[in-house]
Amino acid sequence: MQSLYIPHLLQRTERTQNILIDDFIPGLDTLMPFRGTLSIRHGGTFLDIKVKGETIVTLICDRCLQQYNHRIIVDTSEIVWLDKNLSLSDIPQEREVSLEDLSETLSPDGHFNSETWLYEQLSLAMPFRRLCGKNCQQPVVSDCVENLSPIDNRWASLECLKQKFSQ
Ligand SMILES: [Zn+2]
């Protein structure tokens, strides 16, 4: 995967580029490569980007702190506007531009970075609550420390584990 020069899309059939992906995404801790298809269509004033695919990430359960594998499936699309006035060198240094703004608008003669875009889509698809399974128990906390705030729980779990092992 590399960045795509946006004007090249105009020369393609239906102004669309389809990319087969079978790659690890830098920055994401996945068990296997992300496998899927990415389609980028040039719509004149915008890019219409679609992705379908899946991978498996290794997460840590919020409750029992065990590692578990979670399948992430993405099937999503996004419109990224092409703005002639936007060129990275043109943006005055003092103007505050968040990364978010930049990812939603690209210069029509700039590049589209599929890797960054995919990273964002997969990050958004991560579960908000990380639980290893329906039967996940929280065995260590309840029998040794009680009335903890959720923030303390992780540390308490570790403390309890240590106590158990030293018994
Ligand atoms: Zn768990």
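- Put simply, the side chain of L38 does not reach to within 4.5 Å of the side chain of N18, judged on heavy atoms.
- Contact check for I40 versus F112: side-chain heavy atoms found under the 4.5 Å cut-off.
- With Y68 contributing its side chain and T58 its backbone, the two residues share no donor-acceptor pair below 3.5 Å.
- For P108 against I6, the heavy-atom pair with the smallest separation is O-CG2, 3.5 Å.
- Side-chain N or O atoms of D62 include one that pairs as donor or acceptor with a backbone N or O of R130 at under 3.5 Å.
- Between I79 and L47 the shortest side-chain heavy-atom distance does not fall below 4.5 Å.
- Residues N69 and V57 are not in side-chain contact: their nearest non-hydrogen atoms beyond the backbone lie 4.5 Å or more apart.
- Taking hydrophobic clusters as Ile, Leu, Val, Met, Phe, Trp and Tyr residues chained together by side-chain heavy-atom distances below 4.5 Å, M126 does not share a cluster with M32.
- Aromatic ring orientation, F46 versus W81: perpendicular (interplanar angle above 60°, classes split at 30° and 60°).
- Residues I49 and V80 are in side-chain contact: their nearest non-hydrogen atoms beyond the backbone lie under 4.5 Å apart.
- More than 12 heavy atoms of other residues, nucleotides or ligands shown are found within 6.0 angstrom of CD on Q11.
- For the pair L122/I25, a side-chain contact is recorded, criterion being any heavy-atom separation below 4.5 Å from C-beta on.
- Connection of L131 to L59 is not established within any shared hydrophobic cluster, with ILVMFWY side chains joined at heavy-atom distances below 4.5 Å, either directly or through further cluster members.
- A salt bridge links R35 with D22: at least one charged nitrogen is closer than 4.0 Å to a carboxylate oxygen.
- Between the side chain of H42 and the backbone N or O of G44, at least one donor-acceptor pair lies under 3.5 Å.
- For R63 (side chain) and C136 (main-chain N/O), a donor-acceptor pair under 3.5 Å exists by modelled atom type.
- A donor-acceptor contact shorter than 3.5 Å is absent between the side chain of T76 and the backbone of V74.
- T37 has its side chain out of reach of I21: every pair of non-hydrogen atoms, C-beta onward, lies at least 4.5 Å apart.
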